Structures are given as C-alpha cells and as structure tokens.
J.: 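Got a structure for you, questions after.
Keep in mind it's a predicted model, so treat the numbers as computed, not measured. Chain A is the first sequence line, chain B the second, and so forth, proteins listed ahead of strands; every chain is numbered from 1.
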2 protein chains.
Amino acid sequence: MARAPRTTVRKAPTQARAQETVETILAATARVLARDGYDRASTNKVAEAAGVSIGSLYQYFPSKEALVSALIERHMSRMLQVLTDAGAALPLGGTVRQATRQIIAASYAAHRVNPKLHRVLLEQVPRIGTMGSIDTFEERTLTLVEAFLSMHASELRRSNLKLAAKVAVLAVRGTTLYCVLRSPELLYEEEFIDEVTDMIVRYLEA
Amino acid sequence: MARAPRTTVRKAPTQARAQETVETILAATARVLARDGYDRASTNKVAEAAGVSIGSLYQYFPSKEALVSALIERHMSRMLQVLTDAGAALPLGGTVRQATRQIIAASYAAHRVNPKLHRVLLEQVPRIGTMGSIDTFEERTLTLVEAFLSMHASELRRSNLKLAAKVAVLAVRGTTLYCVLRSPELLYEEEFIDEVTDMIVRYLEA
DNA sequence: CCAGAATGTGAGCTACCGCTCGCTTTCTGT
DNA sequence: ACAGAAAGCGAGCGGTAGCTCACATTCTGG
C-alpha cells in the first residue's frame, strides 16, 4: 500500500510555448512580489496574475521558494554578466583613476539591470536557501578589484591590498545600495559616479 | 444586532509581571525569527517559544506585524540612543581626523547593540509598514555628519558638503552592513575602523 | 494523420495561519 | 479579607496557504 514517494521531477520546458509560460510566470512573480510583499504573495495569486493555472506553475517550480529563487538567480546572473563584460573590457594601459572609475561604473551599470526588481528583492524577500548568486556577485567583484590592485601595487600607498580592496568594495556597495533602495536615478548620474570614484582613488593612490 | 467594531485596545502592561511577559515575548520573537524566518514564524510558535499562551501575546500585540514592528522599534531606538550619546560627546576642539574617527566609531558602537538580532531583522524581515525607525537612524546620522562638516568647512576641500556628507555616510554604511551580515567580529576591530576613517578623512580633508 | 509526449487545467485536500473570547488565576488598594 | 482590575489561558473559528492529481488540450515526429 505504501506509495512510492512521488519523484515529482519537474520537466525542463522544451517547447517554445512552455518557455513563454515560464517567462510569464517569473514576470508575474516579480509583479506580485512588488505589490503584496513576500508573505502575502501566494502561488495562486502569481498563477492568476500570470494568466496561467496553478498546476502549470507547479509543473515548473516545485515550491514557492523555488519560484522566487529562480527569479533571483536569473536577475543576479544578468547583473553578473554586465559586470563581467565590463570587467573584461578594462584597458590595461590607463591611469589608476581611469581604471577605478571604469570598475565603479561597471558596478553601477550592473545595478541598472532592472533596479526596480532589485529593490523588491532586497526589500521584500527574506533570505532564502539559495541566495548563493548574490554572494557570487560580491565575490566576483572583490576578485576583480583585488586583481586590479595588485597589478597597480606600485602606484598605490596601501600595503594590505586585500584589506584595501575589501574596504573600497564595501564603500562603493554602500552607495549602490542606497541608489537602488532610495534613488535609482542616481545610478545614471555621471557626477555621482565621479564623486565616488574620487573618494576611492584618494584612498588608494600614493 | 450589528456589533460595535470591537475597539480592541491593547492594554499597556502596568504590573511588573506583565512587563516581563512582554519582554519574554519579544525575546522569543527574535529567536523564532532567527530560526524559522519571517514567513514560517507564526504567532503560535512565538507564544510557545515564550512559554506564554497565544492569548497573552495578543493582549499586548494586536497582530503579527505589530509584534515584529515592536521588536524593530525597540532595537533601533537602542541603536539610536548609542549614536546620539556618542554624538553628544563629540569634543569641539579636536582635529578633523579625530572627530571623524569618533563619529565612525559611534556608528560602529551603535551596530554593536545586538548585531545578531540586527542581522536577523535585515535578512529575515521583509520591509513592513512601520520601518520608519530605520530611516530615522539614517537621517540622524546624516544630520550629524552634515553639521560636523559645515563646522569644519574651512579645513575641507569639498565644495558641495551635502553631497560629500551623503557619500561619506553611505560608504561607512556599506562597511557596517557587511560587518553585521558577514563578519560581526569586525565591528570590534579598531584597525578596521582606522582604515575606514582613513578613507573618509582623505576624501574630505584639504 | 495519428500516437504518444509535452503542456496546461482547476477543483479541492490538508494543514496551518492569524486571531478571538469566555474563562481562570493573580495582583492591588482599601 | 475581599472586590474588582489586571494578567494569563487555550480550545477553536474562519480562512487561506501551498500543493496534488485526474483530466483536457496542444504539439511533434514518423
């Protein structure tokens, strides 16, 4: 009588139709999350907002957490892509100031990927199991900066470059966080980025 | 037949016994929040963890939100107190560096009020109606810094002091946030505070 | 064209949620 | 000592949450 514990393997969508459904569901998730907050957002509401049956939702996402998790994952991977691209485009020859500004600008660019969603995720979504993607973003940034600093070690006044990298990254992060939460238009202000760059350069440069 | 809409005025606890009950409930709220996260934390669980009946809980807190809200409010007002005290103790005669260091140290001190709880609130609690207390903390900090900067305007190289104050505050905030979320012991490291101070002073000073 | 796989549906189950209320126990002032 | 106020109790109500499953519909390859 004991029933086998129902493997419940969610299918990866193969047909275009299914891909669209998944997209629609994720978009609706973002909307409902923004409207109702995490704990008032129910999977039924999401399905309804997506114009999709609740069964379809559970065909692709095994739980509410998985659903939100997928949204986060997708968003963070897009941000990471922007950061990585900009990092790869770093010219090797410029001054420390130029390069610093470019790295900071890259971080700002990454935060320009759907800042509204980013804000909702920060404000409404309690830390969930798989928030690893956020850590990945932070670690990647730190790695990038550390590499950059050790390349220009001779031009810098800091001895403990790891510490300097961390402090610099955290300081910039403080500003991007504020932008996302309170003042998204600041993400586009070149002057603001200049100001932040100036602070970091003065901190680092000999 | 229509019943008057039940005023449901929660009594303020007057007896010592009741005060203790309220304390116990708030402490239990923090524990359950840490253990289960916001949406899995139920008022029933909180009551059970507090060793108090669910009825008693609702005698003092009219809703789950109010409960969590009270916890936040209390925590933030304690942090604010620490900040304010330290701000009031600012010596008028010192160097910019000394004063800056003191303000930053004050912010760190404020974050040393129960950083574990602070982390839980940041990570687990989605933004709730009355999160005003957090804004109050930020605004107070900014006001303090702005006042400080305009007092020492002649010794600084910035022309736009409001902007400088904001950037400086956000940068420091980035570091405290990291400490609270990932590395609480850093809140006690004088060297780390020195490093951050150095960054800010170099940014501000002529 | 059609068989079977992929996709989509939604009524409805269980479980637990936030919360109330009639009651008992403890405290306080006189 | 005792009356009334304050504090504490917990079974249980109405509701909704997350999620399943038996079924209908659409797509795809041969």
Side-chain angles (χ1 to χ4, degrees), chain A residues 3-26 28-29 32-33 35-71 124-126 128-129, chain B residues 3-26 28-29 32-33 35-71 124-126 128-129:
Chain A
R3 196 118 69 79
R6 233 218 163 291
T7 4
T8 321
V9 180
R10 312 290 148 154
K11 301 272 174 79
T14 61
Q15 299 177 10
R17 182 169 53 127
Q19 301 275 12
E20 267 170 43
T21 302
V22 169
E23 283 304 306
T24 313
I25 292 172
L26 284 175
T29 306
V32 174
L33 232 36
R35 202 190 54 204
D36 299 350
Y38 181 82
D39 68 320
R40 283 200 236 282
S42 73
T43 49
N44 281 288
K45 279 186 199 167
V46 169
E48 191 188 342
V52 146
S53 102
I54 184 65
S56 296
L57 190 156
Y58 276 94
Q59 181 145 39
Y60 300 110
F61 305 100
S63 71
K64 181 183 177 181
E65 271 205 18
L67 176 62
V68 174
S69 215
L71 184 64
Q124 300 298 345
V125 181
I128 266 177
Chain B
R3 196 119 68 81
R6 219 191 181 312
T7 6
T8 321
V9 180
R10 312 290 148 154
K11 300 271 175 79
T14 61
Q15 300 177 10
R17 182 168 54 127
Q19 300 275 10
E20 267 169 43
T21 303
V22 169
E23 283 304 304
T24 313
I25 292 173
L26 284 175
T29 306
V32 174
L33 232 36
R35 201 189 56 204
D36 298 351
Y38 182 82
D39 68 320
R40 283 200 235 284
S42 73
T43 49
N44 281 287
K45 279 186 198 166
V46 170
E48 191 188 341
V52 146
S53 103
I54 184 64
S56 296
L57 189 155
Y58 276 93
Q59 181 147 38
Y60 300 111
F61 305 99
S63 71
K64 181 183 178 181
E65 273 205 17
L67 177 62
V68 175
S69 215
L71 184 64
Q124 300 298 346
V125 181
I128 268 177

J.: Without decimals, in angstroms, what is the distance between A/Gln59 CD and C/dG8 C1'?
T.: 7 Å

J.: Between B/Glu65 and A/Arg40, is there a salt bridge with N-O shorter than 4.0 Å?
T.: yes

J.: Quick one: B/Tyr60 OH to D/dA6 C1', roughly how many Å, whole number?
T.: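 The distance from OH of B/Tyr60 to C1' of D/dA6 comes to 7 Å, rounded to the nearest Å.
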
J.: In residues 37-52 of chain B, what residues come within less than 4.0 Å of DNA chain D, judged by heavy atoms?
T.: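 Residues of residues 37-52 of chain B that come under 4.0 Å of DNA chain D are, in numerical order, B/Val52.
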
J.: With side chains defined as the heavy atoms from C-beta onward, is the minimum distance between B/Asn44 and B/Leu57 less than 4.5 Å?
T.: no

J.: In whole angstrom, give the distance that lies between atom CD of B/Glu20 and atom P of D/dA6.
T.: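 That distance rounds to 19 Å.
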
J.: Would you say D/dC9 has OP1 or OP2 under 4.0 Å from some side-chain N or O of B/Ser56?
T.: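 Yes, because at least one side-chain N or O of B/Ser56 sits under 4.0 Å from OP1 or OP2 of D/dC9.
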
J.: Under 4.0 Å: is that the gap between some side-chain N or O of B/Thr21 and OP1 or OP2 of D/dG8?
T.: yes

J.: Could you give the CD1-to-P distance, from A/Ile54 to C/dC13, as a whole number of Å?
T.: 17 Å

J.: Think A/Tyr58 has a side-chain N or O under 4.0 angstrom from the OP1 or OP2 of C/dG8?
T.: no

J.: Whole-Å distance between D/dA7 P and B/Phe61 CZ?
T.: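 Value for this atom pair: 13 Å.
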
J.: Do A/Lys64 and A/Tyr58 meet the cation-pi criteria used here (NZ or CZ under 6.0 Å from the six-membered ring centre, within 45° of the axis)?
T.: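 Judged by the rule, A/Lys64 and A/Tyr58 form no cation-pi pair.
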
J.: Just jot down the salt bridge (Lys or Arg N to Asp or Glu O under 4.0 Å) partners of B/Asp36, sequence neighbours excluded, or say none.
T.: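 B/Asp36: salt bridge (Lys or Arg N to Asp or Glu O under 4.0 Å) contacts with B/Lys45.
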
J.: Name all residues meeting the side-chain contact (heavy atoms from CB on, under 4.5 Å) criterion together with B/Ala50; count only those two or more places apart in sequence or in a different chain, and write none if there are none.
T.: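 Per chain and number, B/Ala50 pairs via side-chain contact (heavy atoms from CB on, under 4.5 Å) with B/Thr24, B/Ile25, B/Ala28, B/Val52.
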
J.: Base, backbone or nothing for each nucleotide of nucleotides 24-30 of chain D, written B, S, -, heavy atoms under 4.0 angstrom, 5' to 3'?
T.: --SSS--

J.: With side chains defined as the heavy atoms from C-beta onward, is the minimum distance between A/Leu33 and A/Leu71 less than 4.5 Å?
T.: yes

J.: Could you work out, with salt bridge (Lys or Arg N to Asp or Glu O under 4.0 Å) as the rule, every residue matching B/Glu20, not counting sequence neighbours?
T.: none

J.: What salt bridge (charged side-chain N to carboxylate O under 4.0 Å, His left out) pairs are there with at least one residue in residues 47-62 of chain B, not counting sequence neighbours?
T.: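 For residues 47-62 of chain B: none.
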
J.: Report yes if the side chains of A/Phe61 and A/Thr29 come closer than 4.5 Å at any heavy-atom pair, otherwise no.
T.: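 A side-chain contact is absent here, since even the closest heavy-atom pair is not under 4.5 Å.
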
J.: Can you measure B/Leu57 atom CG to D/dC9 atom C1' for me and round it to whole angstrom units?
T.: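 It works out to 13 Å between those atoms.
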
